[in-house]
Undergrad: 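Just passing along the structure, written as structure tokens.
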Amino acid sequence: MKKRVLALISASVLAASLLAGCATTTTTTTSSTTAAVEEAAEEVAEAAEEEVAEAVEETAEEAVEAVASTGVTIDFMHDWPEYTEEFQKMADDFEAETGIHVEIQIITWDVLTKTLLTDFASGEVPDVACCWSNQMGAFNALGAVYDLADYMDENDGEWRNSLMKAGLDLGSVNGQVFAVPYRTTQTVIAYNKTIFDENGWSAPASLEEFEAMMQEMVDAGYTPLIAPGMPNGFQISAICGTFAEQNLMTDGILKRADYLSGHYTEIGEQWAEAGAKLRDWYDKGYIIADALALEREEATALFYTQKGLMSFVNNNELDPIEKNTAEAGFEVGFFSFPVPEGMENFLYNFGVDAFMVYSGTEHPDEAAAWLKYITSDAVQQEFGNSTKSIMGNVNCVYDDDLQNQLADIFASASSYRINYDYNDGIGTKMGDAVAEFMADPDITPEEFGATIQAIREEALENYEE
Amino acid sequence: MNYRSKRKLMGYVFLLPSFFFLACFLLYPFCKSVVMSFTNWNGMKDTYKFVGLQNYIDLFNNKNYWAAIKINLKFAVISTAIQTFLGYLLAYAVYNMTRRWQAFYKVALYIPVILPASVIAVMWKFLLGAQTGLVNTVLRSIGLGNLAHGWVGEKATALGTIIFVNTWQYIGFTMVLFYIAMQNISTEVLESAEVDGANKWHKLIYFFVPMTVGTTETNVILSITGGMKSFALFYMLTGGGPGKTTKVVSMLIYETAFTEFKFNKALAMAAVLFVIILILTVISRYIGAKYNYENDDGRGRTKGGAR
């Protein structure tokens with residue numbers, strides 16, 4: 001009992017002394033800090049006034065630095081896991097220069113559209129996100145993109161003039177600029193130049209020459225063209241689309257304004273002919289067997305192991321293509337899908353990897369500043385040199401011969417890609433229809449053409465509702 | 001309030017948190033979805049108007065939807081049949097093994113069940129590649145090149161391939177379910193059957209199968225509902241292709257909602273799918289209840305009540 005009482009008393013004394021000590025500290029510091037706090041507050045107020053005055057006087061470039069001092073974080077999404085280091089370096093350098101932190105999210109290109117659309121629906125969209133310029137009509141119809149025209153026009157259009165016009169036009173709708181071109185993305189045909197040279201073949205100048213050459217290849221026991229059909233028809237669908245556009249060009253439809261905005265839909269006949277031609281190529285052995293079951297990675301591997309002489313590749317794969325073909329022991333060359341004799345040379349589905357700003361962003365100035373930074377001369381040149389990409393900045397100069405070859409292909413051709421001014425919602429339907437047609441011999445080309453036309457008509461009908 | 005009433009009330013009180021959780025995350029979203037399926041809501045705008053049964057009328061005329069339902073039914077029924085049959089046989093085989101082998105096989109067969117669908121899809125894509133996949137390479141190397149196919153890219157083999165991969169993934173789960181049911185069978189009954197001259201086959205047919213009908217019913221319900229809702233394997237293995245050969249309803253719902261931005265139509269699809277799954281579940285339960293001997297007291301009467 002005594003011990004308990006003693007223990008209780010000691011504990012109480014200990015607790016009391018602790019509390020007393022804290023109170024004392026608080027009491028003794030309160031009065032001394034009050035004056036210091038007041039003095040500090042005055043100094044901060046004066047400094048803030050000076051800073052604001054300076055910010056007002058600065059130009060657009062210096063305005064970015066002023067904004068940076070707020071410690072803003074913007075979310076940035078790109079679809080190039082292979083360039084993680086490059087983008088992280090850009091983000092670090094940008095933050096060092098401006099104080100704006102860039103939080104990077106990475107996805108892959110094959111889920112880009114679905115990711116963006118899902119994000120739009122949920123409202124959880126990064127401030128700046130990768131996209132393809134031709135999607136801006138649809139995204140604008142959803143109210144998801146921010147107009148960057150004002151930023152483009154600052155300093156007498158300094159930013160606008162530094163970017164490729166074709167890429168900017170693709171990402172603009174009715175004068176509003178929604179997508180900033182970062183680099184081109186275009187499918188070209190890579191070919192085994194070593195075997196070509198051995199057999200006296202060269203890059204064809206016309207579609208007729210291409211077909212004749214492929215027949216010679218088949219007769220010689222080669223597989224001419226490797227084209228992956230997964231997912232959703234992929235390059236098989238692209239070949240069909242190329243034929244369709246060539247037919248539309250012949251029939252005078254391809255350049256029509258209503259066609260290019262997605263408002264002309266009587267295209268069944270041209271797609272039926274295209275489907276028939278695609279099947280003919282497949283039956284003749286011009287396209288690798290089991291193409292519908294091939295994925296991109298497998299198709300590329302087949303090209304490197306010389307199971308086929310030509311392969312559809314994206315121009316941005318130039319660096320790995322050069323390395324892998326050198327390792328495989330053959331030289332590589334490129335050409336664009338040829339058009340029929342006498343037709344204007346144009347590219348199917350010319351595209352631009354671009355970046356957009358989300359309409360609901362809380363930091364449009366910071367987002368625009370980041371975009372200006374990554375499309376600036378120095379950053380674009382460095383990225384182009386290290387990745388062998390054809391950049392969106394027109395001031396870039398390339399040392400690599402193949403890079404220049406690709407740049408020449410893009411510079412010398414036109415493109416008549418549909419830029420829907422509404423949310424077409426077509427998604428993978430066209431590709432699925434091509435894959436369905438190729439997988440089922442019972443579907444006639446006419447039925448296939450009617451299906452394609454129905455898809456386009458339904459999309460337009462939904463928009464008009 | 002007497003003791004019984006208090007106990008009853010306490011029971012309800014303890015149920016409240018679960019009910020609240022269910023109401024928030026199940027009942028409310030479900031009811032809201034059904035209501036929105038009668039509107040023209042596109043998922044992006046806040047405004048919408050009621051359109052009555054128009055979405056459902058359009059749905060009944062939508063060939064793609066019914067084609068997808070057909071694919072789902074084929075997948076669900078065939079997968080269920082194969083998994084139930086094979087799973088039962090595996091469970092019986094494991095039941096008759098020594099303890100050490102039981103432990104090994106139970107773990108080995110269950111590993112695919114816990115693997116994420118993405119891992120399974122990547123693994124099987126590598127194995128089933130048309131030109132460079134391991135399966136076709138082996139077939140060609142042993143002179144069976146004519147059996148090599150573009151497994152996930154050919155119309156004739158795509159659905160069968162997914163059924164195979166799905167069976168490979170979930171056979172372990174079915175096996176464990178049946179194994180547990182077999183463990184619950186009284187050993188005295190089995191011993192007396194042995195005394196009467198029953199061999200392993202007789203025991204399987206006349207004892208194990210009838211006495212595990214309840215588990216079979218559970219497995220069928222789980223398998224069929226899982227098959228009707230299946231998405232991940234289809235999305236990652238074939239993407240719904242080639243063409244629309246393996247485009248299941250859940251993929252169609254996803255595309256309708258997030259690509260075409262027609263949330264109203266997608267919700268109508270989901271509501272109809274729910275009704276179809278409910279009908280299939282009720283049918284399974286009816287058949288299962290008719291032949292369920294697991295709760296039988298041995299005189300044809302269920303425990304706790306007359307038959």
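Order of the sequence lines sets the chain letters (A, B, ...), proteins ahead of strands, with each chain counted from 1.
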Undergrad: Can you tell me how far the CZ atom of B/Phe258 sits from the CG atom of A/Leu117, to the nearest 0.5 Å?
TA: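 So the CZ of B/Phe258 and the CG of A/Leu117 are separated by 9.5 Å.
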Undergrad: Could you tell me whether the side chain of B/Lys247 reaches within less than 4.5 Å of the side chain of A/Thr428, counting heavy atoms only?
TA: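 They are in contact (side-chain heavy atoms under 4.5 Å apart), so the answer is yes.
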Undergrad: Taking every heavy-atom pair that is under 4.5 Å apart, which of A/Met230, A/Glu436, A/Glu297 has the most such pairs with chain B?
TA: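 The residue among A/Met230, A/Glu436, A/Glu297 with the greatest pair count is A/Glu436.
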Undergrad: Chain A heavy atoms under 4.5 Å from B/Phe263: which part of the residue, side chain, backbone, both or neither?
TA: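 Only the side chain of B/Phe263 comes within 4.5 Å of chain A.
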Undergrad: Among B/Gln131, B/Lys244, B/His149, which residue has the highest count of heavy-atom pairs closer than 4.5 Å to chain A?
TA: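 Top option by heavy-atom pairs under 4.5 Å: B/Gln131.
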Undergrad: Just verifying a value: how many Å separate A/Asp440 CG and B/Thr245 OG1, rounded to the nearest 0.5 Å?
TA: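 So the gap between those two atoms works out to 8.0 Å.
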Undergrad: Which residue out of A/Asn232, A/Leu294, A/Val434, A/Leu302 racks up the most heavy-atom pairs below 4.5 Å with chain B?
TA: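 Option with the top pair count is A/Leu302.
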Undergrad: Answer yes or no: does atom NZ of B/Lys229 have more than 12 heavy-atom neighbours from other residues, nucleotides or ligands under 6.0 Å?
TA: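 No, NZ of B/Lys229 has 12 or fewer neighbouring heavy atoms, counting only those of other groups under 6.0 Å.
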Undergrad: Measure the shortest side-chain to side-chain distance between B/Phe126 and A/Glu298 over non-hydrogen atoms and say whether it is less than 4.5 angstrom.
TA: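 Of all side-chain heavy-atom pairs linking A/Glu298 with B/Phe126, none is under 4.5 Å.
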Undergrad: Under a 4.5 Å cut-off applied to non-hydrogen side-chain atoms, are B/Thr132 and A/Lys307 in contact?
TA: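 Sidechains of A/Lys307 and B/Thr132: no contact.
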Undergrad: Is it true that atom OH of B/Tyr170 has more than 12 heavy atoms of other residues, nucleotides or ligands lying nearer than 6.0 Å?
TA: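 Result for OH/B/Tyr170: open.
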Undergrad: How far does CG of A/Asp290 sit from CG of B/Asn136, to the nearest 0.5 angstrom?
TA: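 The CG atom of A/Asp290 sits 7.5 Å away from the CG atom of B/Asn136.
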Undergrad: What are the two closest heavy atoms between B/Pro242 and A/Ala439, and how far apart are they?
TA: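 Smallest interatomic distance, heavy atoms only, reads CB-CB, 4.2 Å.
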Undergrad: May I ask you to list the residues in residues 152-168 of chain B that approach chain A closer than 4.5 angstrom, counting heavy atoms only, ordered by number?
TA: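 So the qualifying residues are B/Val152, B/Gly153, B/Glu154, B/Lys155.
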Undergrad: Heavy-atom distances under 4.5 Å only: say whether A/Glu295 touches chain B with side chain, backbone, both or neither.
TA: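 It is the side chain, since no backbone atom gets that close.
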Undergrad: Relative to chain A, which segment of B/Glu255 carries a heavy atom at a distance below 4.5 Å: side chain, backbone, both, or neither?
TA: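 Looking at B/Glu255, just its side chain touches chain A.
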Undergrad: Examine whether an atom of A/Ala433 lies under 4.5 Å from a heavy atom of chain B, and if so say whether it belongs to the side chain, the backbone or both; otherwise answer neither.
TA: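 Neither; nothing under 4.5 Å.
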Undergrad: Using non-hydrogen atoms and a 4.5 Å limit, figure out which bit of A/Ala301 sits close to chain B: side chain, backbone, both or neither.
TA: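 No part of it gets close to chain B.
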Undergrad: What residues of residues 110-124 of chain B make heavy-atom contacts with chain A at a cutoff under 4.5 angstrom?
TA: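 Interface residues of residues 110-124 of chain B: none, nothing closer than 4.5 Å to chain A.
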Undergrad: Counting only heavy atoms not in B/Phe231, do more than 12 sit closer than 6.0 Å to its CZ atom?
TA: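 Counting neighbours around CZ of B/Phe231, more than 12 heavy atoms of other residues, nucleotides or ligands fall under 6.0 Å, so yes.
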Undergrad: Quick one: what part of A/Ile288 sits under 4.5 Å from any heavy atom of chain B, side chain, backbone, both or neither?
TA: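 Side chain only.
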